[in-house]
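Report on one structure; see the data block that follows.
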2 protein chains.
Amino acid sequence: MKKATIKDIAKAAGVSIATVSYILNDVKTQSISDETRVKVLKAAQQLKYVTNRTAQSLKVKKTGLIGILCFKGKDGHVWSDLKYARTIHAIERHCSELGYHVLFMQIDDLGPSSKIIMERNLDGVFLMNVDQERFTTISHYFGFGVPVFVVDSYIEDPLFHKIVPDFVRGFQTARSLLGEAPQFLVMDSYNNAELAEFIKRQSGLDEERIHVCDSIEGLNEFLSAYAGRPGIVLNEFLALEAAKTHNRLAVLCTSYCPEIVPQGMAKVAFDLNDYKEIVRMMDRNIQDADEVSREKFYCLSVIT
Amino acid sequence: MKKATIKDIAKAAGVSIATVSYILNDVKTQSISDETRVKVLKAAQQLKYVTNRTAQSLKVKKTGLIGILCFKGKDGHVWSDLKYARTIHAIERHCSELGYHVLFMQIDDLGPSSKIIMERNLDGVFLMNVDQERFTTISHYFGFGVPVFVVDSYIEDPLFHKIVPDFVRGFQTARSLLGEAPQFLVMDSYNNAELAEFIKRQSGLDEERIHVCDSIEGLNEFLSAYAGRPGIVLNEFLALEAAKTHNRLAVLCTSYCPEIVPQGMAKVAFDLNDYKEIVRMMDRNIQDADEVSREKFYCLSVIT
DNA sequence: TTGAAAGCGCTAACAC
DNA sequence: GTGTTAGCGCTTTCAA
């Protein structure tokens, strides 16, 4: 009980394999008589034919495979796991719509594992949570012409597209929802130092009013200094914790799960549906390899 | 600037492509002189050669690709997103160790999308959160001989391996941690009805003492009937909610993030590292296709 | 110890 | 409108 190939179909329908290929791929430049078309399609169905994408990929030099490479931080925090889970879901959903399949891989400092890009001939890559140094070490392994979209990082390299939540509008919105000037900021730590700096700047607060939170412990100590004061919190889980002692808070939902923010707390959510456009863009980059792929920023828009 | 092939290496080293293949794959049945081995390896390095797994797969009829197919429920709840995120991470990590790559796909009722298994010639598949009916419709698309491991489902089909947390020992442990008989159970909903029934049975509680929670709303109403009483809660997020009104609770950490359970609350965690053994088993199934692949249950063990 | 060559399943240029 | 065929990059049998 082996899988049927186009050869089997050809034999069954009494035509050549080329004809079968033309019909199955609906090749526009070929005219095919209705008679043979029907004959072939029927045979294909009977034999339960399904394309062998491995063989196809080898021939056409496009695999239809998109990679999602995710740097594993020291310890997967609930909030970052959730953030990336939802991001991955969004990417997968939209890739699927365009006929791509998605390879998922967690990578660490060891560059070599990222040679998956070349081994598997990925058509495009999303790179998540990477810092500048690691990026430099792994960029060797990038095939040329493979579009790379960097998520949650601010990589200094005009070759790559960058995707981040719209922090500028996010902070604006948070401030206006808060209705008063925030006096502190609590944020989760980012693998990418440049992005972390950018966020801090956008908050408009001095360094000493900002707490970068790597675990819940230090948080309460910091918060106690701001009892009763208004502030902004990055990510829903830290907000949950902060809510125990504070009530004048605005949350930026950087874990993409606004639904867990308690009723009544001011929240700013970002739109993961924007990945639809982003994936489309990647697709365009894949189609015309020579599309002017200038540095480009994508900001996930604030949901209002 | 094209990618180097073994042909390029052969030319550079002045040997045949067969020889190159032997050396790169370290074929045991071939003896190779040290001289040529060095020559070839050096050329490979210089040309930055990396195996074309697409071509290799076509030839050897093994892709080294494991699929994770995840049914999307109606609404991704935080808890199930997190549960599956962590499961996927565990699977990917252990697959990686054995040299496999992982394809991730969310699927819905439409069977056709699951023909990815045949299209991509997946070596093995993890199927998550599938119910009995859907399973039946998609099982047509399963290639024969492809090992399928079903996660969080209790599918009536001896052909497939099943993976669930060890609910039996989980409940035992919860009861003993609680130190008194639980009087109610709160649990999240499962796509797979059979599994849900199994869980209810294991709790040892009557149907009316069990609340299946699909959203936070109904929960508080149910809980108010059990004020001050001891109970068991399935999944950390529901526990967080229940903790607001109850303090004699034991939690089964079915979202695999025990770290968010408040201090002092009794919790039972399951060991995702067990996926190491599970993936090894899948690997064995892949190696000898004719390994007696009898129905098998894997229970993620309770962490003590 | 090495190499020639067949062929995995498919596409596409070209011939008929 | 249909068929022949070369070849994508690799593995592996068989011969040298």
Side-chain angles (χ1 to χ4, degrees), chain A residues 2-41 43-44 47-65 99 115 118-123 143, chain B residues 2-41 43-44 47-65 99 115 118-123 143:
Chain A
K2 296 190 80 283
K3 283 196 327 195
T5 70
I6 52 170
K7 204 168 161 184
D8 298 323
I9 300 180
K11 204 182 302 173
V15 298
S16 76
I17 58 168
T19 306
V20 176
S21 176
Y22 291 141
I23 293 172
L24 292 178
N25 293 318
D26 204 23
V27 174
K28 297 304 178 194
T29 57
Q30 273 292 327
S31 52
I32 299 281
S33 75
D34 279 0
E35 189 189 10
T36 45
R37 164 165 280 122
V38 170
K39 218 166 39 180
V40 166
L41 257 19
L47 296 171
K48 294 191 202 304
Y49 173 80
V50 8
T51 308
N52 182 333
R53 299 274 246 131
T54 308
Q56 193 184 50
S57 301
L58 180 60
K59 182 67 192 172
V60 302
K61 291 173 174 318
K62 283 237 150 44
T63 52
L65 245 29
K115 75 173 187 294
M118 316 214 62
E119 274 190 314
R120 293 285 182 190
N121 306 296
L122 304 185
D123 286 346
Chain B
K2 296 189 81 282
K3 282 195 331 193
T5 70
I6 51 170
K7 203 167 161 186
D8 298 323
I9 300 179
K11 204 182 301 172
V15 298
S16 77
I17 57 170
T19 306
V20 175
S21 176
Y22 291 142
I23 294 172
L24 293 177
N25 293 316
D26 205 23
V27 174
K28 298 303 182 194
T29 57
Q30 273 291 326
S31 54
I32 299 281
S33 76
D34 279 359
E35 190 190 9
T36 46
R37 165 165 280 122
V38 170
K39 218 166 39 179
V40 166
L41 257 19
L47 295 172
K48 295 190 202 305
Y49 173 79
V50 8
T51 309
N52 183 333
R53 299 273 246 134
T54 309
Q56 193 183 49
S57 301
L58 179 59
K59 184 66 193 172
V60 303
K61 292 173 174 317
K62 283 238 151 47
T63 53
L65 247 27
K115 74 173 186 296
M118 316 214 62
E119 274 190 314
R120 294 284 181 190
N121 305 296
L122 304 184
D123 287 346

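Every chain is numbered from 1, with letters handed out A, B, ... down the list of sequences. Basis for what follows: all heavy atoms, side chains included, without hydrogens, waters or symmetry-related copies.
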Contacts of A:T51 meeting side chain to side chain donor-acceptor pair (under 3.5 Å) (sequence neighbours excluded), chain-then-number -> none

Letter by letter from the 5' end, nucleotides 9-16 of chain C scores (B base, S sugar-phosphate only, - none; protein heavy atoms under 4.0 Å) BBBBBB--

The complete set of salt bridge (Lys or Arg N to Asp or Glu O under 4.0 Å) pairs with one or both residues in residues 15-29 of chain B, sequence neighbours excluded, reads B:D26-B:K28, B:D26-B:R37

Sequence neighbours excluded, the answer for side chain to side chain donor-acceptor pair (under 3.5 Å) partners of A:S21 is A:N25

When rounded to whole Å, the NZ to P distance for the pair B:K62 and C:dC8 reads 17 Å

By side chain to side chain contact (heavy atoms under 4.5 Å, CB included), A:V15 pairs with (sequence neighbours left out) A:A13, A:T19, A:V20, A:T36, A:K39, A:V40

Residue pairs passing the salt bridge (Lys or Arg N to Asp or Glu O under 4.0 Å) test with at least one member in residues 4-18 of chain A, sequence neighbours excluded, are none

B:Y49 side chain near B:L24 side chain, heavy-atom distance below 4.5 Å:
yes

Overall bend of the helix from C:dT1-D:dA16 to C:dC16-D:dG1 (five pairs an end, 10° steps) is 40°

Taking C:dG3, D:dT2, C:dT1 as options, the one with an atom nearest any side-chain atom of B:S33 is C:dT1

Name every donor-acceptor pair, under 3.5 Å, that has one atom in a side chain of residues 53-62 of chain A and the other anywhere in the protein, sequence neighbours excluded.
{"from": "A:R53", "atom 1": "NH2", "to": "A:G99", "atom 2": "O", "distance (Å)": "3.3"}
{"from": "A:T54", "atom 1": "OG1", "to": "B:N121", "atom 2": "ND2", "distance (Å)": "2.9"}
{"from": "A:S57", "atom 1": "OG", "to": "A:R53", "atom 2": "O", "distance (Å)": "2.5"}

(message) Measuring to OP1 and OP2 of C:dT2, would you say a side-chain N or O of B:S16 lies under 4.0 angstrom away?
(response) no

